[in-house]
Number of protein chains: 2
Amino acid sequence: MTYEQALTALADPTRRHIFEALRDHPKTVGELALTQPVSRPAVSQHLKVLQSAQLVSVKPKGNKRLYAVKREGLEELRSYLDSFWSDVLSAYSAEIAKRVDNN
Amino acid sequence: MTYEQALTALADPTRRHIFEALRDHPKTVGELALTQPVSRPAVSQHLKVLQSAQLVSVKPKGNKRLYAVKREGLEELRSYLDSFWSDVLSAYSAEIAKRVDNN
DNA sequence: ACTTACAGTAAGCTATGACTTACGAACAAG
DNA sequence: CTTGTTCGTAAGTCATAGCTTACTGTAAGT
C-alpha cells in the first residue's frame, strides 16, 4: 500500500532532492531549504508528503525539527520491485521453455 | 539518469496498472486497453512514457504491436534504491558509533 | 514579558500532465 | 483496390500538484 505513495513521493524532482539531501545525516527544515531552489514552506510541504510515504521521520529538537531518512518506505518500494523482478524472470524462462517446446 | 524517468513513469496509477498487466506475458495495445478504464489512445501515450523509461519494449507483430516488460528500467531503479539503502545503513551505523563515543 | 527564530498551515495562482475525440498511417483480408 | 483492424499522433480540455505569500503557533533568548 505504501509503495504507491513512495513512488509518487520520489517522482517529484525537488522532493527527491530533499530526500537525497538526508542521505548522510538528519537535517532541519531550514537547512534543507538552503540547499533547495524553493521556499521553506515548499520544503515543509514536501516533507509532509515524504513522511506520509514512510520515507522520512521527524524528531523535535527544541525549537527545530530534525528530519531523517526512514527505512519503511524504502523497504516497501524495494519489495515491490523485487516481486516484479521475479515475475519478469519467470516470464522470461517460461518464454524460453515455450521456444524449446516448439523445436 | 533513467531511474528518474522510471520513478515518474511508475508514479501514475493507470500507467502502473498497465505496466503490471504485462507481468506474466506480452500484450497488444488493444488487449491492454480492455483491462483499463481509459481509452486506447491513452494507453498508447502511457506506453510511450514507459518505453522512454526503458520499462517496456515493443515488437511489431504484423498489424499489432506486442509490448513486454523490459529489465533495464527496473535495474536502474533498483540500483538507485540500493545505493540509497547502503547510505542509510552506513549513516545508521555512524550514528551508533557516535553514541558509543559519547559514553 | 516581549522579541526573535523556526516551522507548519491556509489560500490562491499557474503550469503540467492525463484524458478525450478526431485524424492519419500501415498492414491484413476480401 | 477497397474495406477493416490496429495503432500512433494532434489538438484541445480539465484537474491536480507544486509553488508563493501571508498567517499562526511554539519554543528560545533577553
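Order of the sequence lines fixes the chain letters, A, B, ..., with proteins taken first and strands second; residue numbering starts at 1 for each chain. These numbers come from a predicted model, not from an experiment.
Where A/A11 and B/E31 each meet DNA chain D at their nearest nucleotide, the meeting point lying more 5' is that of B/E31.
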Give every pair of a protein N or O atom and an N or O atom of nucleotides 28-30 of chain C that lie under 3.5 Å apart, one pair per line with the distance.
none

Distances under 3.5 Å between protein N/O atoms and the N/O atoms of nucleotides 8-12 of chain C, please, pair by pair.
{"unit_1": "C/dG8", "atom_1": "OP1", "unit_2": "A/R65", "atom_2": "NH1", "d": "3.2"}
{"unit_1": "C/dG8", "atom_1": "OP1", "unit_2": "A/Y67", "atom_2": "OH", "d": "2.6"}
{"unit_1": "C/dG8", "atom_1": "OP2", "unit_2": "A/S44", "atom_2": "OG", "d": "2.4"}
{"unit_1": "C/dG8", "atom_1": "N7", "unit_2": "A/R40", "atom_2": "NH1", "d": "3.2"}
{"unit_1": "C/dG8", "atom_1": "O6", "unit_2": "A/R40", "atom_2": "NH2", "d": "3.1"}

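A/R78 pairs by the salt bridge (Lys or Arg N to Asp or Glu O under 4.0 Å) definition with B/D82, not counting sequence neighbours. Residues meeting the side chain to side chain contact (heavy atoms under 4.5 Å, CB included) test with A/E20, sequence neighbours left out: A/R16, A/H17, A/R23, B/Y3, B/Y80, B/F84. Among residues two or more places apart in sequence or in another chain, the side chain to side chain contact (heavy atoms under 4.5 Å, CB included) test is passed with B/V38 by B/T14, B/Q36, B/A42, B/V43. Residues forming a side-chain hydrogen bond (donor to acceptor under 3.5 Å, both in side chains) with B/T2 (at least two apart in sequence, or on another chain): B/E76. Applying the side chain to side chain contact (heavy atoms under 4.5 Å, CB included) test to A/S44 and every residue at least two apart in sequence or in another chain returns A/V29, A/R40. A/Q54 is linked by a side-chain hydrogen bond (donor to acceptor under 3.5 Å, both in side chains) to A/K70, counting only residues two or more places apart in sequence or in another chain. For A/S52, the side chain to side chain contact (heavy atoms under 4.5 Å, CB included) partners two or more places apart in sequence, or in a different chain, are A/Q5. A/E75 meets the salt bridge (Lys or Arg N to Asp or Glu O under 4.0 Å) test with A/R71; sequence neighbours excluded.
Note: CG (A/L32) to C1' (C/dC6) measures 13 Å, nearest angstrom. Rounded to whole Å, the distance from NE2 on B/H17 to P on C/dC19 is 11 Å.
B/L7 and A/L10 get closest at one heavy-atom pair: CD1-O, 3.6 Å.
Between B/T14 and C/dA18 there is no side-chain N or O to OP1 or OP2 distance below 4.0 Å.
Nucleotides of DNA chain D lying under 4.0 Å from heavy atoms of chain A occupy a range whose first and last members, 5' to 3', are D/dG18 to D/dA28.
Follow the hydrophobic side-chain contacts under 4.5 Å out from B/V58 and you reach B/V56 in the same cluster.
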